[in-house]
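Computation of the quantities below employed the complete heavy-atom set of this structure, encompassing side-chain atoms and omitting hydrogens, waters and symmetry-equivalent molecules. Along the sequence shown, the residues carry numbers beginning at 1.
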Amino acid sequence: MFQLQSDLRSAIQIAATFCYINPNRYESPSARPISVRTPNRLRPLHAAAVERLAEKPPICTADELHYVSVHNSDWRLALWRYKPPPQAPPRNHPLLLLSGVGTNAIGYDLAPGSSFARHMSSQGFDTWILEFRGAGLSAKVASKEVKQPINLPSGQMDPTSKKKEHDVFSSKDQLNPNSDSSAESKVSSAEETKEMVESDQSQLLMTFTETFKRFSERLSNLIKEGSPEALQNSTLATQIRDLSQRLVDIMEEGQRSVSPPFTDLLDRFSSTIENLQTQIDLLGKYNWDFDHYLEEDVPTAMEYIRKECKPKDDKLLAIGHSMGGILLYAILSRNVCGNRDSKLAAIVTLGASLDYTTSKSSLKLLTPLYVLSGAQADPAQALSVPAVPLGALLAAAYPLASRPPYVMSWLNRLITAQDMMQPELMEKFVMNNFCTVPAKLLLQLTTAFQEGGLRDRSGTFFYKDHINKIDTPVLAIAGDRDIICPPEAVYETIKLVPKHLCMYKVFGEAAGPHYAHYDLVGGRLAPEQLYPCIIDFLTIHDST
């Protein structure tokens with residue numbers, strides 16, 4: 001059985017790697033009900049109910065927020081809509097954006113000056129982002145209200161808003177207003193106090209780091225040794241809370257001796273641990289796989305968008321990042337095999353492939369899961385958990401990746417290349433973008449690293465086997481420093497598309513700039529270097 005490593009690096013490496021067959025983490029199990037009723041077989045796909053919200057939750061920065069219910073399912077899918085401005089060029093097709101595994105809509109709309117979705121709408125495309133079941137604002141059909149997620153501390157949503165530091169000795173002067181100490185003695189006292197504070201801060205950081213390591217080890221062991229049923233009992237929850245309380249005690253101690261910026265870091269970590277604890281209690285309710293997205297979520301969203309926008313040929317344009325791109329390939333494959341119209345006028349994939357076997361993708365870390373599961377075993381048994389709380393784990397790890405002594409700095413290169421994202425946007429992205437990921441989804445995605453590439457849940461249908469017969473134009477884009485989906489992996493799929501329908505482009509230069517996995521969507525230079533390529537491609541196929 002696959003063993004989750006007990007050291008901190010391995011525990012979080014696994015968590016970080018899970019997220020990127022793509023990538024704003026605002027998801028919280030308390031933000032929406034998580035219960036899913038998975039059918040014994042897939043059902044017909046029609047929108048059973050639709051809803052457009054007059055008032056959006058503050059987290060939604062789109063022009064409109066729509067909900068559509070998946071027929072005979074517990075899920076209402078959230079659709080973020082960005083309407084083109086009046087001065088934008090007219091377009092014939094709406095544009096659907098699909099995100100990666102364990103992510104939500106914020107990756108496509110990170111900030112006003114860094115918004116892939118807003119940029120596409122400014123070019124005339126009626127742009128929609130789908131949030132899959134279990135991600136972002138998607139909710140249960142039975143829920144009559146749109147519940148907002150628990151707000152993380154303000155520093156997480158707005159990293160630039162920090163507490164002001166106070167003089168370490170000003171309070172001492174206030175306590176002794178009549179002190180007749182000389183200026184020299186005050187300076188000497190201040191220097192001594194500063195040294196003491198720095199020493200306390202250094203010691204607290206060591207304690208903080210070691211406690212986090214012990215927490216990761218303990219959590220890994222609990223998950224490894226437990227069954228899905230065990231994860232629901234109160235014993236595990238009590239153990240998680242006990243570990244959380246130890247961290248809280250350390251944070252309270254730190255507030256007495258540590259400068260405000262470091263205390264703020266600890267406050268955020270405390271909130272993250274509480275969120276992780278909540279997600280652990282709900283892990284057993286994540287019960288869907290890749291084919292649920294493919295056969296239920298995406299078709300339901302496409303049908304709804306077509307009805308809203310009424311394109312003349314009843315088709316959409318679509319862009320998929322990471323798993324979103326994999327889904328688009330799978331849709332084309334399934335439909336051409338069944339002699340059906342995919343309803344897609346053209347697609348763009350960003351860092352996506354159906355077959356990773358020839359690449360050096362860091363996702364090969366997942367391969368043992370499939371081998372040990374025996375293909376037919378229960379995914380929850382193969383992982384020892386029914387789901388992975390990816391969002392909470394990454395949010396917990398990020399402070400150690402972004403601040404001295406940078407013990408987790410290797411996390412950054414999974415997401416972005418050097419100098420391609422502003423630090424405050426990187427923090428918002430990690431703290432607000434990621435969600436909990438079902439084991440069934442992960443286990444099915446691991447087949448992309450086996451001979452023949454990605455297959456359906458039965459293991460009998462190989463999606464790449466039919467790509468050579470598709471009739472939909474495809475633009476496949478890769479990043480030169482993408483270690484999640486390297487250029488050779490992207491090429492492994494696009495080479496199968498009929499030559500007159502395909503385009504393949506690698507972004508990044510030998511001397512820089514470079515593009516890692518998320519840079520293809522939100523990199524600093526993407527609007528001027530990468531977006532025009534996409535817009536030109538979509539414009540050509542929007543007019544045909």
Side-chain angles (χ1 to χ4, degrees), residues 17-23 98 100-101 290-291 294 318-337 342 344 346-371 414 441-456 459-508 514-521 530 533-534 537:
T17 306
F18 279 159
C19 73
Y20 280 110
I21 297 178
N22 164 34
L98 300 179
V101 62
F290 178 87
D291 287 350
L294 175 66
I319 299 174
H321 180 226
S322 201
M323 188 191 69
I326 297 174
L327 279 164
L328 293 177
Y329 280 133
I331 289 170
L332 297 181
S333 177
R334 271 285 180 86
N335 281 283
V336 74
C337 181
S342 68
L344 291 168
I347 71 166
V348 179
T349 66
L350 306 172
S353 179
L354 293 170
D355 188 346
Y356 289 71
T357 56
T358 62
S359 75
K360 295 180 180 179
S361 168
S362 61
L363 290 176
K364 286 191 174 181
L365 176 67
L366 298 177
T367 304
L369 297 180
Y370 183 79
V371 174
L414 291 171
L441 173 60
L442 293 177
L443 263 294
Q444 188 173 353
L445 289 173
T446 62
T447 63
F449 298 88
Q450 304 298 309
E451 184 178 355
L454 185 72
R455 62 199 75 172
D456 68 355
T460 59
F461 185 89
F462 292 78
Y463 289 105
K464 81 170 193 176
D465 285 355
H466 307 279
I467 291 296
N468 63 328
K469 296 175 284 188
I470 67 172
D471 59 1
T472 301
V474 180
L475 167 61
I477 293 178
D480 67 325
R481 290 287 177 87
D482 188 343
I483 61 176
I484 301 296
C485 186
E488 60 268 25
V490 175
Y491 182 72
E492 192 66 22
T493 298
I494 193 62
K495 73 179 184 181
L496 302 174
V497 176
K499 291 185 177 180
H500 68 287
L501 294 174
C502 73
M503 289 182 62
Y504 171 59
K505 176 71 175 176
V506 179
F507 280 86
H514 300 289
Y515 284 77
H517 198 63
Y518 178 68
D519 297 328
L520 300 175
V521 172
L530 191 148
C533 177
I534 296 175
F537 176 82

Quick one: does [X]'s side chain have a donor or acceptor within less than 3.5 Å of a partner on [Y]'s backbone?
X    : Y    : answer
T447 : R455 : yes
T493 : L354 : yes
S361 : I484 : yes
T349 : G325 : no

Kindly determine whether L475 and C533 satisfy side chain to side chain contact (heavy atoms under 4.5 Å, CB included), including the steps that lead there. CA-CA 9 Å; L475 167 61; C533 177; 4.2 Å; yes

Does some side-chain heavy atom of [Y] sit less than 4.5 Å from a side-chain heavy atom of [X]?
X    : Y    : value
Y515 : L530 : yes
I470 : S333 : no
Y504 : P487 : yes
L344 : N335 : no
V490 : C485 : yes
I483 : L414 : yes
T460 : D456 : yes

For a side chain to side chain contact (heavy atoms under 4.5 Å, CB included) check, start with the C-alpha distance between L294 and Y463, then their side-chain angles and the critical distance, and finish with the verdict. CA-CA 12 Å; L294 175 66; Y463 289 105; 3.3 Å; yes

Report the residues that fulfil ring pair (Phe, Tyr, Trp, His ring centres under 6.0 Å) with F462, sequence neighbours left out, ordered by chain and then residue number. none

side-chain hydrogen bond (donor to acceptor under 3.5 Å, both in side chains) between E492 and S353, intermediate numbers included: CA-CA 7 Å; E492 192 66 22; S353 179; over 6 Å; no

If you round to the nearest 0.5 Å, how far is [atom2] of [Y] from [atom1] of [X]?
X    : Y    : atom1 : atom2 : value
I534 : K505 : CD1   : NZ    : 12.0 Å
L454 : D465 : CG    : CG    : 11.0 Å
C502 : I494 : SG    : CD1   : 5.0 Å
I477 : I319 : CD1   : CD1   : 8.0 Å

Using the rule given for side chain to side chain contact (heavy atoms under 4.5 Å, CB included), can you reason through Y491 versus T358, listing the C-alpha separation, both sets of side-chain angles and the distance that settles it, and then say yes or no? CA-CA 10 Å; Y491 182 72; T358 62; over 6 Å; no

Distance-minimising heavy-atom pair for F537 and A346: CE2-CB, 4.0 Å

Heavy-atom closest pair, residues Y329 and A352: CE1-O, 4.0 Å

Filter on side chain to side chain donor-acceptor pair (under 3.5 Å), then keep only pairs touching residues 471-486, sequence neighbours left out; what's left? D480-H514, R481-H514, D482-H517

Quick one, I326 with F290, criterion side chain to side chain contact (heavy atoms under 4.5 Å, CB included). Give me CA distance, side-chain angles, the key distance, then yes/no. CA-CA 10 Å; I326 297 174; F290 178 87; 3.8 Å; yes

My understanding is that only residues two or more places apart in sequence, or in another chain, count here; which of them pass salt bridge (charged side-chain N to carboxylate O under 4.0 Å, His left out) with D355? K464

In terms of ring plane angle, is the pair F461 and H466 parallel, tilted or perpendicular, where the classes change at 30° and 60°? parallel

Among L328, V101, L98, find the residue that satisfies the side chain to side chain contact (heavy atoms under 4.5 Å, CB included) test when tested with M323. V101

